[in-house]
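Structure, as structure tokens:
Chain letters run A, B, ... following the sequence lines, proteins first, then strands; residues in each count from 1.
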Amino acid sequence: MSLFDTIVAPITGTQRAAVATIRLSGPEAWRIAQQVFTPWPDEPASHRCYYGTFAHGDDGLLTLFRHGHSFTGEESAELSIHGSPVSVELLVRACLAQGARAAEPGEFTRQALLNGRVDLSQAEAIVEAIEARTERQLTHASRLREGALRREIDLIVETVLCVLAEIEAHVDFSEELGVFDRSAAIDRLSNALGRIQVLLDSAPLGKVLRDGFRVAIIGRPNVGKSSLLNKILGQDRAIVTDIPGTTRDTVEETIELDGILVRFIDTAGIRETTDPVEQLGIARSHQAVEEADLVLELVEPGQEEVTNIQGHVVVLNKVDLPGPRPSYHIAISARTGEGIDELLKLISDRFPDAGSAEITISVRHHPLLQSAHDHVRGAMGTLGMAIPFDLAVTHLREALSSLGEVTGATASADILDTVFSRFCIGK
Amino acid sequence: MGYEVIVVGAGHAGIEAALAAARMGRKTLCITLRLDRIGHLPCNCSIGGPAKGHIAREVDALGGQMGVATDYTLTHLRRVGTGSGPAVQTLRAHVCKTAYPAYMQRILETEPNLELLEGRVETILRKSERVTGVVALATGSTSPITFEARSVVLTTGTFLNGLCHQGQEKTVAARHGDEAVSGVSTFLNEIGVRLRRFKTGTTPRIALSSVALDRTEIQPSEDAGPFSYLHDHHFATRELFPCWQTMTTNDTHDILRQNLHQSAMYSGQIEGVGPRYCPSVEDKIVRFASKDSHPIFLEKEEWDGESVYVQGFSTSMPADVQLEALRTIPGLENVEMLRPGYAVEYDMADPLQLTSTLMSKQLEGLFLAGQLNGTSGYEEAAGQGIVAGINAAQYSISAETVRFPRDNSFIGVMIDDLVTKGVEDPYRMLTARAEHRLLLRNDNADQRLTPIARQLGTCDEKRWVRFQAKMDAISRTQEHLESLAVNNTHTEHLDSLGTAGVKNRTNLFELLRRPEVDFDQLTSLGYQENLGSLTERQRFEVHEQLKLAAVYEGYIQIQERQALQQRKLDNVKIPNGFDYALLRGLSFESIDKLSRHRPENAGQASRIPGIRPTDVALLAGYLQQSQRSDSA
């Protein structure tokens, strides 16, 4: 018996490639595979590969996995075809027509989790590993898989629990235990608070490590934004992807720098305009600037106006051209490549510091640890005031519950939804 | 003869069960061994105390009798937990050990729909998987009678295979002067109820005239308000007694230590497990060997009479050792012992085999309540009794049974603990067991439970009218306070009231959040008390509720959010007969435990010791997914 529908989705990337693979998982996986693949073997066997033709006309390989012996734990079939996005789309549609349902993001891993193939922390580390695009990200993901964060949280939990237990004991057995020592409890909690703070301090690096460091390039039209981008990409560096902007006006390019993904956003030139399309592009540029970890403002000789916004790095391009120089931080030439290495060094210097934390926390962990922090501090405040000491347990329980949600030690009905919301389609 | 509900036993659980069923209109029979022992107080004559007081108030708010009886028969009253927050504070009373049972007997005898039978239940009857009645032998008769019923509530206390110990002496008895019962144990065994041996004990009783009271510390009674929400005050017609505090000495401990081999507990005579939180004095000197003194409280047991209970000195030593040890306690140098303490061993039924309605998972229509379920204490018994009575009544007419969630009452916490964690030793209620206890205060039990009682029929018109008047007054007063405000022009005025000025417009309810602000001060700022015909006591309650709501609002909100979070898991129901082996991700240990405990929802599953949180998340995820596919 299975509670699951049979789900289908590509498990390889969405780009053109030599081969793409589609996975069917669920009680009907083999039946549906039989409808879209020919010739169906007389005695289909698990962990066997069959060559044949798929419903959309392409030929390829079919691999079968029986119930309990697949990644998801469900009966599965993996359909490998030539990797054109159209071909993938057609075959997925053929499977849907046979009764499969399109997989939700993370649903394969969710099936694996519910079938006990992986546990919650592994599932979360899987997300990180799947999303890892640099060696540093992978190392970090495996450190998480080994439980580095959990061990640190466990230490904090132990301290908080200790104070909580002492308060609770004094509530029922005050005659035997005497007066509750508020200042000793505050001391212990401040230790826990310090440890939580260290984790919180790792959040900026954690975010950059996971989501990349966003650099917005702004400047007047023709100041050389695109040339600069091309120069950076062309300099024999690992180009990780090239994601075309969703409008014609912003282009995002990613490189790896010291193990961090740096996303350069080439914005539309910002200027007064009445053209509605261009206005839209400019609005996006403003948004890119707002979300950026660093803004490079490109200027050129002869230019008089510089926005001079606090925090912007003013980059003088076309340093090889004559003309009066506006004030700038660094000078380059996108044409000759002069100053580019210095510019990259300047960018990597702006990466957030690891602080004293060995591991970094993720976007999911951040609000939970912030809540733990606030409530430990709340408990310390309660104990420091002339109000009944046992009220502090309200805060301590809340802190424990948040800490537990980081590691999965707090059982909650929607923890699975929270973890799986980060998955991209089909993983 | 046919009834809708039969209650076996008339101790503190039986009384509340029988009254609840009868008040809900069910034709009810209560069978007890001795009518003169209805509501008997075999251990100390105290009602209330930390957490126990909360339960007593909850029983009262549900329309039960314990609080009312206490107000009529108390001899001593104190507030407890005053050093802690509002969640911990409650009352402790001593009641007269002759007046309390007499009062209860009168109430049961005059209750419409309720019949009493003095006799012994020989066995319980069933047809297929349902209870159908009991067979009982009336006192003085030799021919058993069959009584049919749709629900049966067992509240047999320490009577099942009771065995009393005093040193090496053993007597087959449930307590001093009462015979034990074995037929019901045999029946429970037959239907697969797991029985275990528990032990409890009581202290020697001494004569007040032989105590040198001037060598003890006197604890006077306090004016602490009534126990019942129905009353404006208690009804003691004489001046309340104090109680007297003294302590054990090194000499006491030496004597007990030298005679440990004679203690029934330590010589291996008793197999049963004793209460961890109410240990015998010999237990205390062994477990807390480093303490050279333990507190002793002397509690007078009756209005008229000499008998004094020696709280803190529960023991199963031989009588001569008890006397020798007592005489080493300051004030008791020449004490006269009226009756030695003793321990009793009895059969308890594993509460893991109960649902949260207190119905047996082994037999439909059979409810178990009180000490039989492994608890200790009158209040714990009464709390289960009223729940079992309500549900037996509902079950008997095929109406929906009622569950009491953890965030709604101490009673709910207790039942949830019993049916999810089970008991290793006699379960005593502790304040710390309730994680949402700021919501479960002694002062708001009526707001939590009286509306439920009204719906079920255990709350009579008088209680309901009084409750509504109070609730109306609270909301009216809060609106009034919120309609009045101070601003920065009031600084001088506020200064003169001993509180700081405000920068922005602040209404008077917000001002009440400041611990130093009370209603008298608000009067000078325009507050006009408009509590109509409310009594002095009710006015106090209205002001108390508003003050608490204002001062502790932040903490209360956090606990409300936590409770809501917990309810999410409680709302994920586990189908009857769910096959955990289907969930291949569960650990073998969890599958085994869950299959044995058969929790009713994922919340209960999460509170079973040893179940991994990830297993709970898995279970909840699986059930939610299956619920989604069911509804799709």
field: Region of Tyr552(B) that comes under 4.5 Å of a non-hydrogen atom in chain A
entry: side chain
field: Proximity of residues 377-393 of chain A to chain B, residues having a non-hydrogen atom under 4.5 angstrom
entry: Thr382(A), Met385(A), Ile387(A), Pro388(A), Phe389(A), Asp390(A), Leu391(A), Val393(A)
message: For chain A, which candidate among Gly49(B), Pro50(B), Gly85(B) shows the most heavy-atom pairs at distances under 4.5 Å?
response: Gly85(B)
field: Lys573(B) side chain near Leu623(B) side chain, heavy-atom distance below 4.5 Å
entry: no
message: For the interface with chain A, which of Gln566(B), Arg561(B), His436(B) has the highest count of heavy-atom pairs at distances below 4.5 Å?
response: Arg561(B)
field: Nearest-0.5 Å distance, CG of residue Leu200(A) to NE2 of residue His373(A)
entry: 6.0 Å
query: In Å and rounded to the nearest 0.5 Å, what is the OG to NE2 distance from Ser293(B) to His253(B)?
result: 6.0 Å
- request: For the pair Glu544(B) and Lys547(B), find out whether any cationic side-chain nitrogen is under 4.0 Å from an anionic carboxylate oxygen.
  value: no
statement: So CZ of Arg428(B) and CD of Glu379(B): to nearest 0.5 Å the spacing works out to 10.0 Å
- prompt: Just wondering, are more than 12 heavy atoms of other shown residues or ligands nearer than 6.0 Å to CG in Asn576(B)?
  reply: no
- prompt: Looking at Phe410(B), is Arg441(B) sitting on its ring face, NZ or CZ under 6.0 Å from the six-membered ring centre and within 45 degrees of the normal?
  reply: no
Residue pair Ser590(B) / Asp592(B), side-chain donor-acceptor N/O under 3.5 Å: no
field: Pairwise distance CD(Glu74(A)) to CZ(Arg23(A)) - rounded to 0.5 angstrom
entry: 11.5 Å
message: With a 4.5 angstrom heavy-atom cut-off, is it the side chain or the backbone of His170(A) that approaches chain B, or both, or neither?
response: neither
- request: Examine whether an atom of Leu430(B) lies under 4.5 Å from a heavy atom of chain A, and if so say whether it belongs to the side chain, the backbone or both; otherwise answer neither.
  value: both
- prompt: When only pairs under 4.5 Å are counted, which of Gln559(B), Arg433(B), Arg437(B), His294(B) shares the most heavy-atom pairs with chain A?
  reply: Arg437(B)
task: Could you tell me whether the side chain of Glu75(A) reaches within less than 4.5 Å of the side chain of Leu24(A), counting heavy atoms only?
output: no
field: Residues in residues 154-166 of chain A near chain B [non-hydrogen atoms, under 4.5 Å]
entry: none
field: Ion pair check, Asp417(B) and Arg406(B), cut-off under 4.0 Å
entry: yes
- request: Using a strict cut-off of less than 4.0 Å between a Lys/Arg side-chain nitrogen and an Asp/Glu carboxylate oxygen, indicate whether Glu152(A) and Arg195(A) qualify as a salt bridge.
  value: yes
